[in-house]
Amino acid sequence: MPAALYYYFTTTILLVLISSTNAATRHSQYLSQANQFLAPQNAARSATKMKPLVWDAKLAGYAQWYANQRRYDCALRHSNGPYGENIFWGSGTGWTPAQAVTAWASESRWYNYWSNSCARGQECGHYTQIVWRSTRRVGCARVTCLGGRGVFMVCNYDPPGNYIGERPY
C-alpha cells in the first residue's frame, strides 16, 4: 500500500472514531440529563401506582426552546403553551434536574387526596402535574441564565393535567 494511501486511510478511520466517540458522549450526556429529569418523576408516579412517563423528544425540544427564552432573565413565567408545565429557578449554577424534580415532587406532603386540595398557604400543583393520571409523556430542559442569574428548568407534559375539580389519580 503506498504511504499516501495508508496515511489517508489511517486518518479517515481516526476521524470516524473520534466523531463517533464525540457523538456517543453527547448522546450519553443527553440521556443522562433526560434520566435525571425522568427517574424521580417516575418514582413519584410509582408511589401512586401511576404508569411511568416516557421521555418525548418533541416535548424536550419545546422545553429547550422555552428555556432558551428564559435564559436572558431567568423569570419564573410559564410558556402558556399547549402542554402541562412545571418550571424551576435556583440561584447559582449547580442545580441539577434531579434537584428540581425533587423540589416539585416534595409538594406531595401538602396534597390531601381526600379533599383534593393543598394545605393552606402551600403549593402542590407541580406534584399533581407529575402524577396526573392521563399524562404519558414528558420532555424537559435546563439552562444556565446569563449574567449570573441562576438556573432555569422546565418540564412539559402531554396530555396536560391539573384540571380544577379533578383528582390527579
Side-chain angles (χ1 to χ4, degrees), residues 14-111 123-162 168-169:
L14 183 60
L15 289 174
V16 167
L17 287 173
I18 290 170
S19 65
S20 297
T21 302
N22 286 341
T25 300
R26 283 190 305 274
H27 183 69
S28 174
Q29 288 169 342
Y30 173 78
L31 289 177
S32 175
Q33 180 167 304
N35 193 51
Q36 282 189 51
F37 278 115
L38 192 58
Q41 292 188 78
N42 282 335
R45 288 179 68 85
S46 176
T48 60
K49 309 226 184 311
M50 293 294 102
K51 292 180 181 178
L53 297 172
V54 295
W55 189 258
D56 185 280
K58 179 181 173 186
L59 291 171
Y62 180 85
Q64 189 64 60
W65 169 81
Y66 186 65
N68 288 339
Q69 308 305 303
R70 297 277 61 93
R71 179 185 304 263
Y72 302 101
D73 60 11
C74 229
L76 276 174
R77 281 190 227 130
H78 284 281
S79 70
N80 297 317
Y83 308 113
E85 187 169 79
N86 282 343
I87 56 177
F88 173 91
W89 172 83
S91 65
T93 59
W95 293 94
T96 67
Q99 288 172 316
V101 174
T102 299
W104 297 330
S106 72
E107 293 175 0
S108 64
R109 69 181 177 259
W110 307 119
Y111 178 68
E123 194 170 330
C124 59
H126 300 103
Y127 165 71
T128 55
Q129 176 58 79
I130 289 171
V131 297
W132 199 263
R133 175 185 312 117
S134 61
T135 298
R136 295 289 176 252
R137 295 170 297 284
V138 65
C140 308
R142 176 194 186 279
V143 294
T144 301
C145 299
L146 300 177
R149 289 187 174 97
V151 172
F152 180 87
M153 290 184 250
V154 57
C155 285
N156 291 102
Y157 302 87
D158 192 47
N162 280 345
Y169 49 89

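Index from 1, following the sequence. This one's a predicted model, so the numbers in the text were calculated from it and none came from an experiment.
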From [X] [atom1] over to [Y] [atom2], what is the distance, rounded to the nearest 0.5 angstrom?
| X | Y | atom1 | atom2 | answer |
| --- | --- | --- | --- | --- |
| Asp56 | Cys140 | CG | SG | 10.5 Å |
| Ile87 | Trp104 | CD1 | CH2 | 8.5 Å |
| Thr135 | Gln41 | OG1 | CD | 10.0 Å |
| Cys155 | Trp55 | SG | CH2 | 6.0 Å |

Mind checking side chain to side chain contact (heavy atoms under 4.5 Å, CB included) for [X] and listing every partner two or more places apart, or none if nothing turns up?
| X | answer |
| --- | --- |
| Arg142 | Gln33, Phe37, Pro97, Thr144, Val151, Met153 |
| Thr128 | Tyr111, Asn162, Pro168 |
| Pro160 | Asp158, Tyr163 |

Name all residues meeting the side-chain hydrogen bond (donor to acceptor under 3.5 Å, both in side chains) criterion together with [X]; count only those two or more places apart in sequence or in a different chain, and write none if there are none.
| X | value |
| --- | --- |
| Arg136 | none |
| Gln64 | Asn68 |
| Ser106 | none |

Under the ring pair (Phe, Tyr, Trp, His ring centres under 6.0 Å) test, residues paired with [X] that sit two or more places apart:
| X | answer |
| --- | --- |
| Trp95 | Phe88 |
| Trp65 | Tyr62 |
| Tyr72 | none |

Between [X] (side chain) and [Y] (backbone), is there a donor-acceptor pair under 3.5 Å?
| X | Y | value |
| --- | --- | --- |
| Trp89 | Arg149 | yes |
| Gln129 | Gly161 | yes |
| Asn156 | Glu85 | no |

For [X] and [Y], work out which heavy atoms get closest and say how close.
| X | Y | answer |
| --- | --- | --- |
| Ala98 | Pro40 | CA-CG, 4.3 Å |
| Ala75 | Phe152 | O-CE1, 3.4 Å |
| Cys74 | Gly150 | SG-C, 4.0 Å |
| Ile130 | Tyr157 | CG1-OH, 3.7 Å |

Mind checking salt bridge (charged side-chain N to carboxylate O under 4.0 Å, His left out) for Arg70 and listing every partner two or more places apart, or none if nothing turns up?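 Asp73.
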
Just grab all the salt bridge (charged side-chain N to carboxylate O under 4.0 Å, His left out) pairs involving residues 91-107, residues at least two apart or on different chains.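 For residues 91-107: none.
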
Which residue pairs pass the salt bridge (charged side-chain N to carboxylate O under 4.0 Å, His left out) test with at least one member in residues 41-53, sequence neighbours excluded?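 Passing the test, one end in residues 41-53: no pairs.
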
